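Data block below; observations after.
Labels below follow one simple rule: chain letters A, B, ... track the order of the sequence lines, proteins then strands, and each chain is numbered from 1. Being a predicted model, the structure only gives us computed values, none of them experimental.
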Amino acid sequence: MDAQVADMPASLAAPSRVPKLSVQRIGKRYGKLDALLPMDLDVAPGEFVTILGPSGSGKTTLLQIIAGLTEPTCGRLLIDGRNETDTPPHRRGIGVVFQNYALFPHLTVAENVAFPLQMRRMPAAELNRKVAATLEMVGLGGLQHRFPRELSGGQQQRVALARCFVYQPALIIMDEPLGALDRKLRETMQLEIRRLHRDTGATILFVTHDQDEALALSDRICLLNQARIEQLGTPQDIYERPASLFVADFIGLSNVLRGTLEAGGLRTADGLLPLPPGATPASGSLAALVIRPEHVELDPAEGPALAGRVTETVYAGSEHRLVVTLGSGASLILRRTASQGSLPLGAPVLLGWPAERAQLLRP
Amino acid sequence: MATEAVRLDGVTRRFGAMVALHEAWLKVRHGEFLTLLGPSGCGKTTLLNLIAGFLAADGGEIFIEGALVTATPVWQRDIGMVFQNYALFPHMDVARNVAYGLATRGVNKAEAAQRVAEALALVKLTGMAGRRPRELSGGQQQRVALARALVIRPKVLLLDEPFSALDRNLRGAMQVELKEIQQRLGITTIFVTHDQGEALSMSDRVAVMSAGRIHQVGTPEEVYRRPADRFVAGFVGDVNRLPARLLGREGDTAQVAAGACHFTVPAAPLAGLAPGAAVELFLRPEQLAPAPAGGPALLEGVVVARVYQGDRMELHLEAAGVPGRVLLRLPGHAPGVGEHGSHLAVQAQPQPDAMAFPPTT
Amino acid sequence: MRGRPFLGWFVAPGVLCALGLAAAMAAVLQYAVRAHIPGSLGVGGFTLENFSGMLRPLYASVFLQTVQLCALTALFSLLAGYPLAHALVHARSAAWKSAVLVIAVTPLFLGEVVRTYSWLTVLGNSGFINGALLWLGLIDSPVQLMFTRFGVVLALVHVTLPVMVIMLAAALSHINADYLRAAMSLGAGPVRGFLTVTLPLSMPGILAGTSTAFAWTFSAFATPQMIGGGRVNMVSNLVYQLGFASFNFPFAASLSVVGLALAAAVLALLRLGTARLERLA
């Protein structure tokens, strides 16, 4: 069984159910500019899908269309199977968590969290019970009488999460919610969001430009680039089987060796490199092999052995990263654990990788 | 040369009643890349502004190239500074921005033009001389700021979180580029950041700061593998804090026991503790691994989160007697190990860089 | 976007006001092209004589003087306002800031007539300035300050200073402090830093402040009337005299129209300059 699937909500195992959110051929044009090319995306109930991409890739446009803040030029948007393309934002049952929290500064923590319930005219007793339970869930019990300005950034983000989870919207959109937090706090909050997702079974659409965050949180990642979906898949799919050089480059570190396909391998300036098993490419076309740094081996027992010299060493605490420049001038990055240690600059090395660890991609 | 490029002798700076920097002693060597690393509010930017001259010291002396500059105004200190927001002059084009420091020094037009062209070539912006700052991307603006600071051949280059506004892939590329330029020019560089990864990968030495004090100055390996105190251990990289017991001391090293395992640690932080005393054992996540069935275990816990990070899988455990969570980093995606909710016995890698500190009271 | 149903109702009062103003303007315009019938409040048929009459030296000199006074007022207001605005934005101590704020802004709370009366007690032959100079023995007889262009400009600067300081302070506070710090790190001392960085970057504020001071002064009435005392005349005083002393409404209206056009032309020129600078900044 795949390790990643163990973390997924059980609902994913039943694909026959109606998707919570269904984006069908939705696109957006501004004049002659395509902000979003027509695309499809289904999100299952209880699923955590991350929309990832560089700035300008269209992720904000897609988010705004789903939230109802922008009208699509074409396509349909279904929530729980109902066509909601023309429904105004506040009737779609979508909760949004913003990067800047957007807490009401004149209301206390409890009043902020109670706000969406008051808008829905919930009786006081039930409202108070729900607010207290939700604040407890996000670890803010006891702070209900504080004002937002009296809270730290992480606490404010917890209030924003509580204000969203408290009314159990059909779909929760989180727009770069952790962008303003420093690294350690961001990692803590990532675990917190995972736990909330697991405990509530909420369907979450999460937007970020941070690839580590996307890998850590998501059931599936929808990677956007230049207004279209570059790849849609589980974190492991995306990292281990990138669909394009863009994906390989955007997610994690990649080594790229370019060349021309011929019988028996890829002809590069550094020699003929074997193709991964199962690849049946047409001879004569240009292609690239992508190998992750952790799969590059020193003095390989099998496969190709490329000669090069260490031209740069980067210390990262838990590991060393070596940059090796090959005879052709191309360079490869490899990882060495702290216990394996680094190598001196200029040291001659032989590099290889298990053929099945390489990916063959169009250049 | 006998003197240091920059020397701080007990420099103190207060803001009202708050001590922003407490008696900082620091020597920066010629051609060195030194990073001031710490969380926000630790005093690292204050220290940089004191060296630049934007702030006056309340006590102590500052020397640049052996000359006392404590009372010298900024514009006579011969420093190059790169700001977090680049601070390019919006009403001047790229060439005039870069030439600004040459104009103030009265460099003649012909020489200035030549040096501006060289500086732009150095940062790979040849051909952009006529652009306005707002017509450039963030990375390009950063390069202009770097060229503007370097063209005056300053005695020391100061950088204040220069990459924090850039997105991750660009930040990585700019780090490599800055390091290359710095090594090529051999310029003394003081770099401020709160990003420990950036500090470890770029620096010759790192000064770790917190609450207005310099906790440790050392090479990246020293501060990561032999942190001087609990703060440095916790701030530079992730760390697991495990309850342990002091067994005894022998010269520079001490023995501590945790679970069924024994560790050799530096004795210095444990001075004054008697054998049998409770201590806290600090172990990096990559130094832990699942224990083979039946083998001696350091601890046993329940997996509460599995976090996939591409090249590694991070396991978060809750273990009895351990405050906080235990973090393991396993290579690859570790199929079948530590499913969510399962029990996991953990051991340490052989000869780990373990540290022990007295428990906090 | 989806409609905003209340928007129409919210703009209704504004539309009513605008319609009223437009009607008044139309009335002035049509008066301007009618003949004056001496001894009558009524007006005659269509004529352009009102405009050709303005070319006479008497009237042309008033126009010239008005533009000069406005320009001087804007200039001195800028010279006095810039240091105040700079202190308001950059002063370290809170006491300094509030002192500047009080000096700069209190004139706004006094009506123009009250302010002008206060100048009478300062500028008069037995006023504060002459009294002080006489007491110090620097002069033997009072210096003429009332009914001079100097006195009028001084009082007008007092009127325009608050808005100048506020506009300059807004512009200065939007200049990131790191620009000046960067200039200093590159070897520029305070003067050079100010001239090459702060001053050019505050240019939009300078243009906005001076054009506002210019326009305000152009329409000033009470100050030139009282301090100038008929010897320093501006267009507004002329309009008043023609309208309410000679009852020549058509000529008064045509003067107003030309004055308005002149002010608009000067402002448009400044606006053009601002737009060009903003493209640079």
Does the ring of A:F48 carry A:R194 above it, NZ/CZ under 6.0 angstrom from centre and within 45° of its axis?
no
Heavy-atom distance under 4.5 Å to chain B: side chain of A:R292, backbone, both or neither?
neither
Part of B:E286 lying under 4.5 Å from any heavy atom of chain A
side chain
Could you tell me how the ring of B:F191 sits relative to the ring of B:F163: parallel (under 30°), tilted (30 to 60°) or perpendicular (over 60°)?
tilted
Considering non-hydrogen atoms only, spot the tightest contact between B:V302 and B:G341 and give its length.
CG1-O, 3.7 Å
If one checks every heavy atom of A:R335 against chain B at 4.5 Å, the contacting part turns out to be side chain
Answer yes if the side chains of A:Q231 and A:S244 hold a donor-acceptor pair under 3.5 Å, and no otherwise.
no
Do you know which of B:D311, B:V223, B:V304 has the most heavy-atom pairs with chain A at a distance under 4.5 angstrom?
B:D311
Check this for me: does any side-chain nitrogen of one of B:K179 and A:E312 sit under 4.0 Å from a carboxylate oxygen of the other?
no
Using non-hydrogen atoms only, which part of A:Q190 is less than 4.5 Å away from chain B: side chain, backbone, both, or neither?
neither
If you count heavy-atom pairs under 4.5 Å with chain B, which of A:E187, A:H209, A:E213, A:Q211 comes out on top?
A:Q211
Basic-acidic side-chain contact under 4.0 Å: A:R195, A:E192:
yes
Checked A:R321, A:E240, A:E319 vs chain B; the most non-hydrogen pairs under 4.5 Å come from A:E240
Under a 4.0 Å N-O cut-off, is there an ion pair linking B:D204 with B:R29?
no
Bottom line for B:Q196: the part with an atom under 4.5 Å from chain A's heavy atoms is side chain
Mind checking the NZ-CG spacing from A:K59 to A:L205? Nearest 0.5 Å is all I need.
13.0 Å
Donor-acceptor side-chain pairing of B:E314 and B:Q309 below 3.5 angstrom
no
Structural part of A:H295 lying under 4.5 Å from a heavy atom of chain B:
neither
Checking B:V176 against chain A: side chain, backbone, both or neither under 4.5 Å from a heavy atom?
side chain
Looking only at heavy atoms and a cut-off of under 4.5 Å, which of B:G332, B:G172, B:G197, B:S201 has the most pairs with chain A?
B:S201
Contacting moiety of B:R312, where chain A heavy atoms sit under 4.5 Å:
neither
Among B:G338, B:P350, B:P220, the residue with the most heavy-atom pairs under 4.5 Å to chain A is B:P220
